[in-house]
Amino acid sequence: MMVLWLSLKYNTSFGLKTWRDFNILATPLPYSSFTSSSVYARGYGAGYAKLNRKQGAGGWSPLDTDHYRWLQVDLGSRKQVVAIVTQGRYSSSDWVSKYRLLYSDTQKNWRPYLQDGNIWTFEGNVNSEGVVRHELQHPVQAHYIRFIPLDWSREGRIGLRLELYGCSYWADVVSFDGHSVISYRFRSKKMKIVKDVISLKFRTMAGDGVLLHGEGQQGDYISLELRRARLQLNINLGSNQYGSIQGHTSVTSGSLLDDDHWHSVVIERYRRNVNFTLDHHTQQFRTNGEFDHLDLDYEISFGGLPLSTKQSSGGRVNFVGCMEGITYNGENITNLVRRKKVDTSSFHNLTFSCMESNSFPVFFNSSSFLRLPGQTDSDSLSVSLSFRTWNPNGLLMFTALTDGWVEVAVTEGKVTVYMNVTQKNTRIDISSGSGLNDGQWHTVHVNALENYAMLTIDGDEASTVRTAIPIQIQTGGTYYFGGYFLHPNNRSPQHSFQGCMQMIHIDDHLADLRAVEQGHIGTFENVSLDMCAIIDRCVLNHCEHGGRCSQTWDTFSCNCSGTGYTGATCHTSMYQQSCEEYNHQGKSTGSYWIDPDGSGPIAPFRVSCEMTVENVWTTLKNNLPPQTSVINADQEGKAILQITYNVTDEQVLSVTNSAEYCEQYVAYTCRMSRLLNTPDGIPFTWWVGRANERHSYWGGSGPGIQKCSCGIEHNCTDPKHYCNCDADLRSWREDSGLLVYKDHLPVSQVVVGDKNRAGSEAKLTIGPLKCHGDRNYWNAASFTSPASYLHFPSVRGESSTDISFYFKTSSIHGVFLANLGTTSFLHIELRGGSMVVFSFDVGSERVELSVHSPMPLNDNQWHRVEVEKNIKEVVLQLNRQYRDVRPTPPQGHTKQEFYSELYVGASSGQRGFLGCMRALKINGVIFDLEERAKAIPGVNPGCQGHCSSYGMHCRNGGKCVEQYNGYSCDCSLTAYDGPFCTDDVGGYFETGTVVRYDFLQEAGSFALREVKSLSGAGLPSGANLTREVLVFSFSTSSTPSILVYISSRTQDYLAVVLRHNGTLQIRYSLGGLTEPYTIDVDHRNMANGQPHSINLTRNLREIRLQLDHYPVSTYTLPEASDTQFNLVKSIFLGKVFETGQIDPILIERYNTPGFVGCLSRVQLNGMAPLKAALRSGVAAPISILGILVPSNCGASPLTISPMASASDPWHIEAAGVVFPFNEDRAIGNGVDRNFAIIGGIISMVIFTVLCIMVFVIRHTFRHKGSYHTNEAKGAESADCADAAIIVNDPAFSETIDESKKEWFI
């Protein structure tokens, strides 16, 4: 963990001051300090643009209302500006609604105000008298401030009054010419420094140069230098002489620092912890190596390398530009220079001011061009310029020739010259350079004269390309830069250039761009003169987790390949959080990448996942082979074995912390090598676990018990010892077992101590770390009231915010999560039972994303919601299938997202979510819903609902379905109906009634799908069965009859019939026999008008038959019989009505007149044909002949005792809220009110009897001192106290003392 300390940032820290605590800067200035691009009329001058002033026309208005207007304030000297206040023109319809801010020290090279990496647009006024204030995110130091109106009143024109708040600013400035160096000599020859604070500001147009340098003879050094316009800090606190410890550390910050603007740097170091701040952005890092002190000799230099170091500098150059405010560990170096207290002998001309540059940059956007004149009818063409851009393509220059044209463009990062000669119909292309869209300044020089053309890049002769041209050229005299538009209304954006140009030369003469600005020569459109507003969008790098940033002029993109993350900013993990989550996605045993903290700092890692029926195991392997021989003991006889894993300590911790149980197998195989000694003695061997803690217990034992497994179980080789190896025998022995105290795991080191004697041998096995369960994945809470909620403290995110959770509900709407703070707003809710909505604020505007599911979301199944908001886009995702993606509004993102007052569930009077939520994770951090729910009314920890306690009430294969305030039974896959799947579905058959169910040939048809929803999984037509289960009930007084007949497309069949005497016969014909195999049940008459049940099961040749409650009878098909029921076709109930060849005995003896009576509960292999026949309105392969009357056949429904409200986790009255209760649900309708009243009376009687019994027992034993010990569970079966602890709790969360609590009656 990095050590952070507070420090006073140079000239940027104002404590708790607000804008009101600073001076007003504009109002005291004279009229002449205000200038503008133009003035509308007398009285509208810039000098009247003071806040709340009514003089003149009451403010400034320009002559033309367009985007080229500006108002400028001369502050008299450099000031630090912290806030801006604007107002419209007094008593008018004129105001500015949006504007930008530029600032400068010299009225040249203007710099736009940036915020969050963008050129910032300030919101202005909506009327003429209102005051709008903006406090700057970072104060600016400037002599001149310029306002650029971007939008204004639609009823009037531009009108402005303003005020600036800030304070005076002054600092010593020193100018460096590339040869001068400030040498600050130490008071002693050698300095051993543990803490450094260095600060300075610099300004330069050079991309390379050393800003400071110090070194010592022992190899320590510190240097700060510009390399390709980026700032690099190099520091080395020491390396050892063998090179095994390398202390060199290098950190790079910033970009485009050669822009001739001031940049501030602060370096703070305490031992190996460093804060490196550039322009308010701080990087925190820890130096390499193991040393804490910076050892410097003699001096530290600013502006370059000292003469003694120049010879070995490796081509490094000194700094060219200006520095101010140089401080080193409390010493003001620039002040010492002014007072001549330091060595400045290398300065030829020491000046305390910054020279103005002659550059005049031009800033182009996608619709800009600059037109300049040149020589006409010249036989030579010469154009040169410097440019910088991020775009790989763009037009630099175009000019028309007398006979053709010449175009210079950036094409795929290189410069290409296209020359078209119309007379010869010839096109000449030459190109040079590569990767020139890197944001750096590059020079281009194009020459065309006589019969050749030449292109040179960056003044490098090696880059020069020549080509012959067919004729002598003649120039047209007009040159377009940045874009060329033949027709003003048909501008071609693909030809535009986005970037900056300067030092434009035409015919070897430098173009006077200031004259262009004043309107004397040339013309321009949509360009910004004397300003280069290029932005490096990859600094700060918003690509997370090592994603690689690339950019164009307008945006950046992240390459996430190889990172394990995805999304616009590589924020979202590609992997699941655990093996548990993979298992619930249907994955099988294998090797998987997991990411327990999602978007958090822990990188994904590979583990082995073993999916078993009982548990899902996560395995982390180590480097130690089994039975590793213990060798290389030191002089004391100790051998140290290091155990390393394929993951980091943080990754291991992420697995063990969330696991329910962990174990690690250890084995010590020995010969004359003792292991632990006695329980009270000093152990010979110990192992080191998590947090480098030393442990002296072994596998099968536990913390504080210095024994092996055999010592716990009393079966060691020598009963005097507690480990087999402690017997110190010459034969091989082994002590092995599982370490299960997961807070100590994994084993990282084993120290074997008894290896210094002759004949001592030992082998060690450390198995992989294995854990099962993921408490974070199942961390859940149940919301039983629409007014219930969980409150969490504030949440902070860096550049992105992500939220994910699972939910299940039967409600159609409710708030999942909301933030009620004033800083940021977010809201996630369920609407209409099928839509999830995410809304958040962008300034005063609310943005809403929504995802609609084609299937209901209130189906009491788990659904997953994921939200991510980053600098590029906002994503809402449901079930990883349905997404809504929106680009983040340009000014809708700040570096840090802060959400206070976070509520899960109901908030601000809105109806909360009803149901279960689990695995709530925000920015990679799991929120402990279970723990928070323990003390909150209306919220219960976990998501067990009724099904875990009352699911057994769903009978006959019914499926328990959770409801937010109860449960219901899904009977669709059974032959029963009713609240608990206990109601018989049956029908009364009149004479001649037939129910026929056909197995469809197309199993995927609509009809079959509908029937499946009612009557089970179904069988495809033509299925071949080796096992069938036929269950049904009947009652009749009529014989003979066919109860059930199952036909096939062959001659196979199964029939259950009643013979003339009322006895039952079962006939099987599966082929292979000349006659059907029959089972006759002759001992009872079943046509007695009473209900009877039949359960017939065949598995290959074995047939099991159960009648009513009698014992099961078993029969076996003959060996000659086939075992496969081929091509099943139809089921007939009551009578056979079938074409084709049918067993004549069935037709002649049993089919007439047909079954008369009641059939119910008919089910074949999950199919319920009679239930399907009795469900009207459903398309099914069912046909009914005759009269079928629904009936329960006299069966009595099962009665379920009512649930006690005290033990009901969903009891609605406990929440204090009245729910709209569904009377059709099982809970409201399945229990008769009379039973509830009777049950209540019985409960009161039992309670009275119990009270009397307690009183009698207490009176009887009050003087006898009888007591009970509430010992740990499992202790009664243990052999000793040690074993009792281990049996009771592997984590040893309870101690023996804690379990001995006495209870007196």
Side-chain angles (χ1 to χ4, degrees), residues 19 24-27 29 31 33-73 81 83-103 110 112-113 115 118-136 145-165 365-368 488-489 491 519 524-529 533 841-847 889-892:
W19 64 278
I24 54 174
L25 302 179
T27 298
L29 296 173
Y31 185 95
S33 295
F34 295 79
T35 55
S36 60
S37 54
S38 63
V39 175
Y40 179 64
R42 186 173 182 179
Y44 292 80
Y48 295 116
K50 296 182 179 182
L51 193 71
N52 294 324
R53 295 300 174 92
K54 303 176 183 178
Q55 290 87 349
W60 167 72
S61 286
L63 178 62
D64 299 312
T65 299
D66 56 35
H67 293 286
Y68 298 100
R69 305 310 112 194
W70 48 264
L71 173 69
Q72 180 175 307
V73 182
V81 180
I84 307 169
V85 179
T86 59
Q87 196 176 28
R89 193 172 63 81
Y90 173 70
S91 189
S92 71
S93 298
D94 303 341
W95 58 81
V96 174
S97 55
K98 293 181 185 294
Y99 63 92
R100 282 181 179 160
L101 180 68
L102 310 181
Y103 58 98
W110 292 91
Y113 176 77
Q115 185 168 313
N118 295 299
I119 299 176
W120 197 250
T121 298
F122 292 90
E123 296 290 332
N125 301 87
V126 295
N127 53 46
S128 63
E129 303 305 320
V131 172
V132 176
R133 183 190 76 253
H134 290 283
E135 297 181 42
L136 302 185
I145 299 290
R146 181 176 283 190
F147 293 82
I148 309 294
L150 299 179
D151 200 3
W152 45 84
S153 166
R154 296 187 178 182
E155 294 82 12
R157 48 193 302 113
I158 295 174
L160 182 63
R161 290 177 286 173
L162 60 88
E163 185 57 86
L164 301 170
Y165 289 85
N365 60 38
S366 59
S367 60
S368 306
N489 296 326
R491 294 171 177 169
F524 60 89
E525 184 171 335
N526 289 338
V527 300
S528 298
L529 298 173
D841 279 353
V842 179
S844 58
E845 178 186 357
R846 183 152 296 177
V847 179
Q891 295 186 205

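For this chain, numbers begin at 1 and follow the sequence in order. The figures that follow rest on heavy atoms only: side chains count, while hydrogens, waters and symmetry mates do not.
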Could you check if a side-chain atom of Leu529 sits within less than 4.5 angstrom of a side-chain atom of Val527, using non-hydrogen atoms only? yes
Check: Tyr90 ring centre within less than 6.0 Å of Tyr48 ring centre: no
Does Thr86 form a side chain to side chain contact (heavy atoms under 4.5 Å, CB included) with Val96? I'd like the steps, not just the answer. CA-CA 8 Å; Thr86 59; Val96 174; over 6 Å; no
With salt bridge (Lys or Arg N to Asp or Glu O under 4.0 Å) as the test, would you mind laying out the steps for Asp151 and Lys98 before giving the verdict? CA-CA 5 Å; Asp151 200 3; Lys98 293 181 185 294; over 6 Å; no
I'd like to know if the side chain of Ser37 reaches the main chain of Trp70, judged simply by a donor and an acceptor atom lying under 3.5 Å from each other, with no hydrogens or angles considered. yes
Has the side chain of Arg157 got a donor or acceptor atom that lies under 3.5 Å from a matching backbone atom of Leu63? yes
Does one side chain, of Ser367 or Asn526, offer a donor that lies under 3.5 Å from an acceptor on the other? yes
Answer yes or no: does atom OH of Tyr113 have more than 12 heavy-atom neighbours from other residues, nucleotides or ligands under 6.0 Å? yes
Only one of Tyr31, Trp60, Phe34 clears side-chain contact (heavy atoms from CB on, under 4.5 Å) with Lys50; which? Phe34
What heavy-atom pair brings Leu102 and Pro112 nearest, and what distance separates the two atoms? CD2-CA, 3.5 Å
Looking at Arg161 and Gly88, would you say the former's side chain and the latter's main chain have a donor-acceptor pair under 3.5 Å? yes
No-hydrogen, no-angle side-chain donor-acceptor test under 3.5 Å, Asn125 and Gln87: no
Salt bridge present between Glu163 and Arg53 (N-O < 4.0 angstrom): no
